[in-house]
Each structure stands twice: as structure tokens, then as C-alpha cells.
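The structure appears right after this line, and notes come after that.
All values below come from the heavy atoms of this structure, side chains included, with hydrogens, waters and symmetry mates left out.
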Amino acid sequence: MSDIREIGKDETELAGPALLELRPRWETTSRLTEFIDAELRPAGYRLVGIFEPGSPTALSVAGFRESHSTAWGHHLFIDDVSTLPVARGRGHADSLLDWLTAEARRLNCTAIHLDSGVGPTRAAAHRLYMRHHLTITAHHFTLELGARSGSSSACRQRGIIATALATNR
């Protein structure tokens, strides 16, 4: 029987292996954990994971945040959804999206938003999102600028990304 629960700050490393499948740029769970705890959590980022008895780490995780914007109002933004390869096909990501939907309702959000990469390796993720009634409503544009001297520690670690969203409203 799987257990779905929020992953607290003192246990971020439990999400590391699953998140590294989606975000390999961080290379190690310790670098990823440090970044999440130092940069993302203070800005409201949260983690939820699925655990099975005997598993020391989460088999599937989602990173998300409650947010407000002029384009979307009060919403839940999902940054990450990732499952370990050995645990795929068991419905874990479906369970996470159900949990996130319930959390968005509990927070009185008006919508859930997420960005997803494109390409042949993303087809299963896109089917998951569409199965949960998420629709494609925007294009996401990126201009990679790279790290610059004098930038914040977060920008030095991940590069500066300028984005513009064109919403379909």
C-alpha cells in the first residue's frame, strides 16, 4: 500500500532520486536538496511524494507552489512531477495529480498551471496531464542568458532565464 504525504524541509533528500530523473542538471541529490531548501522553499515551493513500505525514498514526487499572477489570479503552479523508472506505470503520478488538485481546492485556487517540455520523450507526461483535464493554453518562451558576475546565488547556480507567457485568453 502506497502512502502519499508532504515532504518537509528536513527531509527534502527523500525526493532527490525521483527529482533527479527529471532534473539531471543538478547531478547529485545533495546539490538538488541544497538548491531546493535554500532557494525554492523560502519562495513557497513544496514537495509531495509517494512512499511504499521499505522504500527509503519517494518513488514519485511533485514540486509545487501556491501563486498569484495578473494572468492567472490565484493558482497552484506545478514545477515538477517525476517518478523513478522502476516505479512507472503504477499510477503514482495520477495519485500525485489527484492530491495536488485536492490541495489546490483546499487553498481556494482558481486553477492549476504547469509547464511541460516538448519532444518525443514527453508524450507520456502530456497524456497524464490531459487525462487530468489540463489543457494547453500558452506558449512558454525562453532566452538563456547564462550566469553573470554579480548575479544572485540562485542565478549563478541555474542561469538566468527570461520568460514570457502568451496566454490563450
### Task
Show your working on side chain to side chain contact (heavy atoms under 4.5 Å, CB included) between F51 and S2 and close with a plain yes or no.
CA-CA 6 Å; F51 296 83; S2 297; over 6 Å; no
### Task
Run the numbers on H132 and D94 for side chain to side chain contact (heavy atoms under 4.5 Å, CB included), then give the verdict.
CA-CA 8 Å; H132 284 266; D94 284 301; 2.6 Å; yes
#### Entry: Worked verdict on I4 versus V48 for side chain to side chain contact (heavy atoms under 4.5 Å, CB included)
CA-CA 7 Å; I4 186 167; V48 62; 3.9 Å; yes
### Task
I would like to know whether E144 and T142 meet side chain to side chain contact (heavy atoms under 4.5 Å, CB included); could you show each step before the answer?
CA-CA 6 Å; E144 297 279 349; T142 301; 3.9 Å; yes
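Shown here for L128 and A93, the closest heavy-atom pair between the two residues is CD2-CB, 3.5 Å. Residue A38 comes nearest to P42 through the heavy atom pair O-CG, 3.4 Å, listed as atom of the first residue, atom of the second, then distance.
A donor-acceptor contact closer than 3.5 angstrom is absent between the side chains of D37 and Y45. Remark: the T135 side chain and the T137 side chain contain no N/O donor-acceptor pair separated by less than 3.5 Å.
Between E66 and R46 no salt bridge is recorded (no basic side-chain N to carboxylate O distance below 4.0 Å). Ion pairing of E34 with R31 is absent here, as no side-chain N (NZ or NE/NH1/NH2) approaches a carboxylate O to less than 4.0 Å.
H75 and F77 have perpendicular rings, their planes meeting at more than 60° on a 0 to 90° scale where under 30° would count as parallel.
Within a 6.0 Å sphere centred on CZ of R122, heavy atoms belonging to other residues, nucleotides or ligands number more than 12. Residue H133 qualifies as open at atom NE2: its count of foreign heavy atoms under 6.0 Å is 12 or below.
Using a 4.5 Å heavy-atom cutoff, the side chains of R5 and I50 are not in contact. Side-chain contact between I36 and R41 is present, with heavy atoms from C-beta onward closer than 4.5 Å. Side-chain contact between H113 and I78 is absent, with no heavy-atom pair separated by less than 4.5 Å. Side-chain atoms of D3 and E52, non-hydrogen and from C-beta on, never get closer than 4.5 Å to each other.
Side chain of H126 to backbone of G117: a donor-acceptor contact under 3.5 angstrom is found. Counting only distance, with no hydrogens or angles, the side chain of E11 and the backbone of G8 share a donor-acceptor pair below 3.5 Å. In this structure, T110 contributes its side chain and H74 its backbone to a donor-acceptor pair below 3.5 Å.
Note on L134 and V81: same hydrophobic cluster, where clusters join Ile, Leu, Val, Met, Phe, Trp and Tyr whose side-chain heavy atoms are under 4.5 Å apart, directly or indirectly. L107 and L40 end up in different hydrophobic clusters when Ile, Leu, Val, Met, Phe, Trp and Tyr side chains are linked at under 4.5 Å. Under the 4.5 Å side-chain heavy-atom criterion for Ile, Leu, Val, Met, Phe, Trp and Tyr, W99 and I112 are members of the same hydrophobic cluster.
Contacts of E13 classified as salt bridge (Lys or Arg N to Asp or Glu O under 4.0 Å), with partners at least two apart in sequence or in another chain: none.
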Give the table of side-chain donor-acceptor pairs shorter than 3.5 Å for residues 54-64, with sequence neighbours excluded, one pair per line with atom names and distance.
from	atom 1	to	atom 2	distance (Å)
S55	OG	T57	O	2.6
S60	OG	S82	O	3.4
S60	OG	T83	OG1	2.6

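For the side-chain contact (heavy atoms from CB on, under 4.5 Å) with L19, the qualifying choice from T29, L47, T33 is L47, the only one to do so.
Summarising the geometry, atom OG1 belonging to T28 is positioned 7.0 Å from atom CG belonging to L20; distances are rounded to the nearest 0.5 Å. L97 CG to H92 NE2: the interatomic distance, rounded to the nearest 0.5 Å, is 13.5 Å. Summarising the geometry, atom CZ belonging to R127 is positioned 12.0 Å from atom OH belonging to Y129; distances are rounded to the nearest 0.5 Å.
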